[in-house]
Amino acid sequence: MECNLAVSLMHDYLDDDLSKDQQLELKTHLLSCPDCRMRFKELEQTDMLMFSLSHQAPSAPPELTQRIMSTLPQEKKQQPWFGWIKRHPAITAAAMFLIIMLSSSVSFWDQETQLVVKGSDLDQVIIEGDNVIVPAGKSIAGNLTVENGKTKIYGDVNGNLTVIDGSLYQASTAHISGKVKTIDQALDWIWYKITNMFSEVAYR
């Protein structure tokens, strides 16, 4: 099994979408590939973090609120917004937490450069380097998601197509029955990940 296919199967495994044979094939590859094993561990930890964030509201410790309040500049004349912050310290702390989390997400997005291909009919897809090709005469039955790659569609995609931080070429022979979404900016990427906290894959 190639590492690119293994990475794609990791996502489906975490979504509980793999057959027993595919699970066995993935586990066999992980035993023999340290890089993929480390990658899977990171994905598993990220998946657990996103799950916990989606099931419980973040609660800021009292000392964090106090620390945030102490860093605010002291003014002779109190501004209206400052009074609001003093009256709502928990909301202020939660907002700061959200800013920190979004900043971390942007940093992670910038570092994410490995090709990831997700779909239910990947045996119809050709992967050459960072090129993901649906050949003419071939048909994908379902959605297709490509991250960090050059997507070239010559055949049919009977579902939605999502291209994240990559390029899309659609030939005149191509046919995509669902929606086509291209995500190229960090904020779009963050929104894509947040919405996926409540669903398995965009357009799934």
Side-chain angles (χ1 to χ4, degrees), residues 2-18 22 39-40 42-55 98-99 101-204:
E2 292 185 0
C3 292
N4 285 338
L5 178 57
V7 171
S8 298
L9 292 178
M10 290 178 199
H11 290 271
D12 291 333
Y13 178 84
L14 293 174
D15 291 338
D16 199 22
D17 284 342
L18 288 184
Q22 288 176 315
R39 170 77 175 179
F40 178 76
E42 292 172 355
L43 284 174
E44 194 173 34
Q45 291 173 346
T46 302
D47 189 68
M48 291 174 62
L49 174 62
M50 299 298 278
F51 180 83
S52 65
L53 288 175
S54 66
H55 285 75
L98 183 60
I99 290 171
M101 187 176 72
L102 290 178
S103 298
S104 300
S105 297
V106 171
S107 299
F108 181 78
W109 179 81
D110 287 335
Q111 296 170 4
E112 188 69 28
T113 57
Q114 187 168 3
L115 176 66
V116 177
V117 182
K118 291 189 69 174
S120 56
D121 206 4
L122 294 179
D123 57 333
Q124 302 296 315
V125 176
I126 296 175
I127 299 175
E128 297 176 346
D130 61 349
N131 291 293
V132 179
I133 305 167
V134 178
K138 297 293 184 179
S139 179
I140 301 292
N143 300 329
L144 179 63
T145 301
V146 179
E147 295 185 43
N148 306 305
K150 299 173 183 175
T151 307
K152 299 179 180 179
I153 308 296
Y154 298 92
D156 298 338
V157 177
N158 296 317
N160 301 301
L161 174 64
T162 304
V163 178
I164 304 170
D165 193 25
S167 62
L168 170 62
Y169 171 76
Q170 186 174 345
S172 59
T173 58
H175 172 72
I176 301 173
S177 64
K179 296 180 181 179
V180 178
K181 187 175 181 70
T182 302
I183 301 172
D184 290 321
Q185 301 297 326
L187 290 178
D188 287 339
W189 183 88
I190 293 169
W191 179 248
Y192 174 79
K193 291 299 184 183
I194 290 174
T195 55
N196 277 346
M197 289 166 54
F198 305 100
S199 61
E200 293 182 358
V201 180
Y203 308 127
R204 196 178 181 87

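As a basis for the values below, the full set of heavy atoms in this structure was taken, side chains included, without hydrogen atoms, waters or symmetry mates.
- To the nearest 0.5 angstrom, Gln170 atom CD is 9.5 Å from His175 atom NE2.
- Residues Leu115 and Val146 meet the side-chain proximity criterion, which asks for heavy atoms closer than 4.5 Å.
- Checking side-chain atoms of Thr151 against main-chain N and O of Leu168 turns up no donor-acceptor pair under 3.5 Å.
- Between Asn158 and Ser139, the side chains place a donor N or O and an acceptor N or O closer than 3.5 Å (distance only, hydrogens not considered).
- Residues Gln22 and Asp17 come closest through the heavy atom pair OE1-O, 4.5 Å.
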- Task: Take Asn4 and Val117 through the test side chain to side chain contact (heavy atoms under 4.5 Å, CB included) and record every step on the way to the result.
- Result: CA-CA 8 Å; Asn4 285 338; Val117 182; over 6 Å; no
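- A side chain to side chain contact (heavy atoms under 4.5 Å, CB included) with Ile183 is found for exactly one of Val163, Thr162, Asp165, namely Thr162.
- Residue Tyr154 comes nearest to Ala171 through the heavy atom pair CD2-CB, 3.5 Å, listed as atom of the first residue, atom of the second, then distance.
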- Message: Please determine whether side chain to side chain contact (heavy atoms under 4.5 Å, CB included) holds for the pair Val134 and Gln124, giving the CA-CA distance in whole Å, both sets of side-chain angles, and the decisive distance to 0.1 Å.
- Response: CA-CA 7 Å; Val134 178; Gln124 302 296 315; 5.8 Å; no
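- Going from atom CG of Leu122 over to atom CG of Leu9 covers 7.5 Å, rounded to the nearest 0.5 Å.
- Among all heavy-atom pairs drawn from Glu128 and Ile133, the shortest one is OE1-CD1, 3.8 Å.
- Judged purely by atom type and a 3.5 angstrom limit, Ser120 uses its side chain to pair as donor or acceptor with the backbone of Ala141.
- Between the CD atom in Glu147 and the CG atom in Asp130 there is a gap of 14.0 Å [rounded to 0.5 Å].
- Under the 4.5 Å side-chain criterion, counting only non-hydrogen atoms from C-beta, Ile164 is in contact with Thr145.
- The heavy-atom pair separating Asp12 from Leu18 by the smallest distance is CB-CD2, 3.6 Å.
- Looking at Ser177, its side chain does come within 3.5 Å of a backbone N or O of Gly159 through a donor-acceptor pair.
- The closest donor-acceptor contact from the side chain of Asn160 to the backbone of Asn143 lies at 3.5 Å or more, if one exists at all.
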